[in-house]
Protein chains: 2
Amino acid sequence: MATEQQVMAHFEATCRSHGLKLTHQRLEIYRALLQSAEHPSAESLHKQLETRLPTLSPDTVYRTLATFEQLGLVKRVETMSSQARFEAVIDQHHHFFCDQCGRLIDFHWHLFDTMGLPESLQGIGKIRDKNVVVHGVCEQCLTSKKNES
Amino acid sequence: MATEQQVMAHFEATCRSHGLKLTHQRLEIYRALLQSAEHPSAESLHKQLETRLPTLSPDTVYRTLATFEQLGLVKRVETMSSQARFEAVIDQHHHFFCDQCGRLIDFHWHLFDTMGLPESLQGIGKIRDKNVVVHGVCEQCLTSKKNES
DNA sequence: TAGTAATTAAGAATAAATCTTAACTAAAAA
DNA sequence: TTTTTAGTTAAGATTTATTCTTAATTACTA
């Protein structure tokens, strides 16, 4: 399990090795993403960082996230919501998606990770990654629903 | 394995039971989706149907797909592309996504379907569905790449 | 077959994301 | 430290996907 300092060191090394400057904005955007478990959108990251970096433009957040994505530092999470959502790439995990509130929760599944792929994928191409997406209603939504009635 | 006639009959029954009129547009949109293996976007469905229904508006395609989605006849496929993509709900399957050309290919994985979920999901909420998403480069992209060099 | 309520078409409107340009700022190199 | 260079900002225009509005049309009902 990597410490935040190690992760930040890797981030800095990756930027440098690709000739990218370590700007205040890049550091803050990456750190914010790293510390969030909420898979935020570009907009919500911008909102969150606005207090510390009052001149930060939405455009910079979009641009920076796209750059990080290309370096493999950040992943765009597949959702069916209109806004793209992001996460820092740290470990192999999967997603639980609440259909009610839109919350995304990470979970781990070692058995799946170490399992082979089915025959039906033979010859389909070159495989890079496999992930599980679970849909349902999160505990919090279930509880608040109960209290309403 | 349901025949297309059976599927269409189920479609009509579902519409009727929800008080939805069986309009020409609804039938054509559903049939087109049913016959496509490409998980088309609303836009490409509209383009495809334009020849047969010259006055079909994009809005109708969007609206109709949203209606079908609510009835459980159609599923919105999660991708990170900006356009939403759709499929008719027929059987349990999973998706291979080509990162190069954006193609989505269905595959089946019975072992996964019958497998239990990991402990890490205990207490997360009420689970409705679990799916695998595999990323990579499809055979066709691999081949065309080889021919280039 | 006429009535009516749902549905559609067309175009306007909205929202997310990206582009443009010029002026400015900060990081890395010399 | 100074210079070079890449990156950022601002503001507005643009693009793309989707949704809304309104008036006309159409499928089902009586």
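Atom set for the values below is all heavy atoms of this structure, side chains included, hydrogens, waters and symmetry mates excluded. First the proteins, then the strands, lettered A, B, ... as listed; each starts at 1.
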S.K.: Within the pair B/Arg63 and C/dT8, is there a side-chain N or O less than 4.0 Å away from OP1 or OP2?
M.R.: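 B/Arg63 to C/dT8 OP1/OP2: side-chain N or O found under 4.0 Å.
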S.K.: Does OP1 or OP2 of C/dT18 have a side-chain N or O of A/Tyr62 closer than 4.0 Å?
M.R.: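 Negative; the distance criterion is not met.
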S.K.: Is it true that B/Lys126 and A/Asp99 make a salt bridge, defined as a side-chain N closer than 4.0 Å to a carboxylate O?
M.R.: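 No salt bridge links B/Lys126 with A/Asp99.
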S.K.: Roughly how many Å is it from CG in B/Leu27 to C1' in C/dT7, rounded to a whole number?
M.R.: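 Roughly 14 Å, once rounded to whole Å.
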S.K.: Taking only side-chain nitrogens and oxygens of B/Gln25, does any of them come within less than 4.0 Å of OP1 or OP2 of C/dA9?
M.R.: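 B/Gln25 to C/dA9 OP1/OP2: side-chain N or O found under 4.0 Å.
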S.K.: How close or far is atom C1' of D/dT18 from atom CD of B/Glu69, stated in whole angstroms?
M.R.: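 Distance, rounded to whole Å: 13 Å.
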S.K.: Starting from P on D/dG7, measure out to CG on A/Leu65 and report it in whole angstrom.
M.R.: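 Atom-to-atom, A/Leu65 to D/dG7, this comes out as 16 Å.
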S.K.: Of the options C/dA17, D/dT21, C/dT18, whose atoms approach the side-chain atoms of A/Asp59 most closely?
M.R.: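 For the A/Asp59 side chain, the nearest candidate turns out to be C/dT18.
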S.K.: Are B/Thr60 and C/dT8 close enough that a side-chain N or O sits under 4.0 Å from OP1 or OP2?
M.R.: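 No, B/Thr60 has no side-chain N/O under 4.0 Å of OP1/OP2 on C/dT8.
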S.K.: Return no unless some side-chain N or O of A/Arg26 is found under 4.0 Å from OP1 or OP2 of D/dT8.
M.R.: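 Answer is yes, contact under 4.0 Å.
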S.K.: Rounded to whole Å, how long is the line connecting atom CG of A/Leu49 with atom P of D/dT8?
M.R.: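 Going from A/Leu49 (CG) to D/dT8 (P), I get 13 Å.
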S.K.: May I ask you to say whether B/Glu28 pairs ionically with B/Arg52, meaning some side-chain N is under 4.0 Å from a carboxylate O?
M.R.: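 B/Arg52 and B/Glu28: salt-bridged.
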S.K.: Of the candidate nucleotides C/dA16, C/dT7, D/dT8, which contains the atom at the shortest distance from the side chain of B/Leu20?
M.R.: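 Taking heavy atoms from C-beta onward, the closest nucleotide is C/dT7.
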S.K.: Is any side-chain N or O of A/Thr23 closer than 4.0 Å to OP1 or OP2 of D/dT8?
M.R.: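 Answer yes for this pair, as a side-chain N or O of A/Thr23 is under 4.0 Å from OP1 or OP2.
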S.K.: Using atom CD of B/Gln70 as one end and atom C1' of D/dT19 as the other, report the distance to the nearest whole Å.
M.R.: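 Interatomic distance, CD of B/Gln70 to C1' of D/dT19: 14 Å.
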S.K.: Would you kindly compare B/His24 and B/Gln83 by the position of their nearest DNA chain D nucleotide and give the one closer to the 5′ end?
M.R.: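 Looking at DNA chain D, the more 5' nearest nucleotide goes with B/Gln83.
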S.K.: Has the side chain of B/Arg85 got a donor or acceptor atom that lies under 3.5 Å from a matching backbone atom of B/Glu38?
M.R.: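 Confirmed, B/Arg85 side chain pairs with B/Glu38 backbone.
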S.K.: If you look at every strand shown and take non-hydrogen atoms under 4.0 Å, does A/Ala84 touch a base, only sugar-phosphate, or nothing?
M.R.: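 The residue A/Ala84 makes sugar-phosphate contact but no base contact.
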S.K.: Could you tell me how far apart A/His46 (NE2) and C/dT18 (P) are, to the nearest whole angstrom?
M.R.: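 Going from NE2 in A/His46 over to P in C/dT18 covers 15 Å.
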S.K.: Angle between ring planes, A/His95 versus A/His93, binned at 30° and 60°: parallel, tilted or perpendicular?
M.R.: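 Ring orientation, 0 to 90° scale: perpendicular.
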S.K.: Want to settle it: does B/Gly19 or B/Pro54 sit nearer the 5' end of DNA chain C, counting the closest nucleotide to each?
M.R.: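 Going by which nucleotide is closer to the 5' end, it is B/Gly19.
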S.K.: Rounded to the nearest angstrom, tell me the gap between atom CD in A/Glu12 and atom P in C/dA27.
M.R.: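 Computing the A/Glu12:CD to C/dA27:P distance gives 12 Å.
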S.K.: Is there a donor N/O on one and an acceptor N/O on the other, under 3.5 Å, for the side chain of A/Lys21 and the base of D/dA6?
M.R.: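 Between D/dA6 and A/Lys21, which were checked side chain against base, a qualifying N/O pair under 3.5 Å is present.
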S.K.: Please state how far atom CD in A/Glu28 lies from atom P in C/dA26, giving the value in whole angstrom units.
M.R.: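 So the two atoms are 14 Å apart, to the nearest Å.
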S.K.: Is the ring pair A/His135/A/Phe97 parallel, tilted or perpendicular, if the boundaries are 30 and 60 degrees?
M.R.: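 Ring orientation, 0 to 90° scale: tilted.
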